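Please read the structure below before turning to the comments.
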Amino acid sequence: MYNPIKLEINSDVLTTLCAYIDFDVPQRQEKTTRSYISLLRHVALKLSKKEISNRGSEKPIKIKLEYFEAFCLEKTLYALLYVNKDRDMQNIFDQLNQKTA
């Protein structure tokens with residue numbers, strides 16, 4: 001299998017990332033969209049737990065994501081960055097893109 005994807009993010013950027021991927025989705029969706037949203041919620045929960053346990057930390061926070069979690073987060077950030085340009089989120093996207101290649 002694939003090795004976990006490791007990211008180092010500071011506390012403020014992780015807080016922004018959690019807010020960035022926490023959005024409302026319509027109730028009616030296709031089966032593939034429901035699966036994707038379910039996976040994204042799993043990733044959001046994992047990141048939120050990390051964010052809460054490291055709130056206010058000065059040191060970079062180390063996050064391990066399985067390949068499928070990193071891939072889901074990368075695709076979500078790609079879509080969100082198309083609409084809203086954010087340098088910190090672009091840096092996370094770039095890290096994910098490089099490590100999942």
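None of these values were measured; they are calculated from a predicted model. Both backbone and side-chain heavy atoms feed into the values below; hydrogens, waters and symmetry mates do not. In this chain, residues are counted from 1 in sequence order.
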task = Applying side chain to side chain contact (heavy atoms under 4.5 Å, CB included), run through L14 and N54 and close with a yes or a no.
result = CA-CA 10 Å; L14 182 57; N54 291 289; 5.7 Å; no
request  = Enter the distance from I21:CD1 to L77:CG here, rounded to the nearest 0.5 Å.
outcome  = 7.5 Å
query = Is L73 close to L47 at the side-chain level, that is, under 4.5 Å between some pair of heavy atoms?
reply = yes
query = Quick check: are there more than 12 heavy atoms from other residues, nucleotides or ligands sitting under 6.0 Å from NZ of K85?
reply = yes
ask   = For I63 and I61, what are the C-alpha separation, side-chain angles and deciding distance, and is it a side chain to side chain contact (heavy atoms under 4.5 Å, CB included)?
value = CA-CA 6 Å; I63 299 172; I61 300 164; 4.2 Å; yes
request  = To the nearest 0.5 angstrom, please state how far the SG atom of C72 sits from the CD1 atom of I37.
outcome  = 8.0 Å
Non-neighbouring partners of R41 that pass salt bridge (Lys or Arg N to Asp or Glu O under 4.0 Å), sequence neighbours left out = D22
key: Heavy-atom closest contact (N97 atom, E74 atom, distance)   = ND2-OE2, 2.8 Å
query = Judged by modelled atom types alone, do Q90 and D94 share a side-chain donor-acceptor pair under 3.5 Å?
reply = yes
With T16, the side-chain contact (heavy atoms from CB on, under 4.5 Å) member among I92, D88, D86 = D86
task = Search all heavy atoms of G56 against all heavy atoms of S11 and return the closest pair with its distance.
result = N-OG, 3.4 Å
ask   = Is K99 reaching over with its side chain to a backbone N or O of K6, donor-acceptor style, under 3.5 angstrom?
value = yes
query = Going by atom types only, do Y20 and T76 share a side-chain donor-acceptor pair under 3.5 Å?
reply = no
query = Can you check whether E66's main-chain N or O pairs, donor with acceptor, with E69's side chain at less than 3.5 Å?
reply = yes
query = By ring pair (Phe, Tyr, Trp, His ring centres under 6.0 Å), which residues pair with F68, not counting sequence neighbours?
reply = none
ask   = Under a single-linkage definition using a 4.5 Å side-chain heavy-atom cutoff for Ile, Leu, Val, Met, Phe, Trp and Tyr, are Y78 and Y67 assigned to the same hydrophobic cluster?
value = yes
ask   = Among the clusters formed by ILVMFWY side chains lying less than 4.5 Å apart, do L65 and L39 turn up in the same one?
value = no
note = One should read off an interatomic distance between E51 CD and L17 CG, to the nearest 0.5 angstrom, of 10.0 Å
inquiry  = Could you report the tightest heavy-atom contact between A70 and L96, atom names first, then the distance?
reply    = CB-CD2, 3.8 Å
ask   = Is it true that a side-chain atom of K50 and a backbone atom of K46 form a donor plus acceptor pair closer than 3.5 Å?
value = no
key: Side chains of M89 and N84 in contact at under 4.5 Å (non-hydrogen atoms)   = no
ask   = Do other residues, nucleotides or ligands put more than 12 heavy atoms under 6.0 Å from the CZ atom of F71?
value = no
N-O pairing of R34 and E30 below 4.0 Å = no
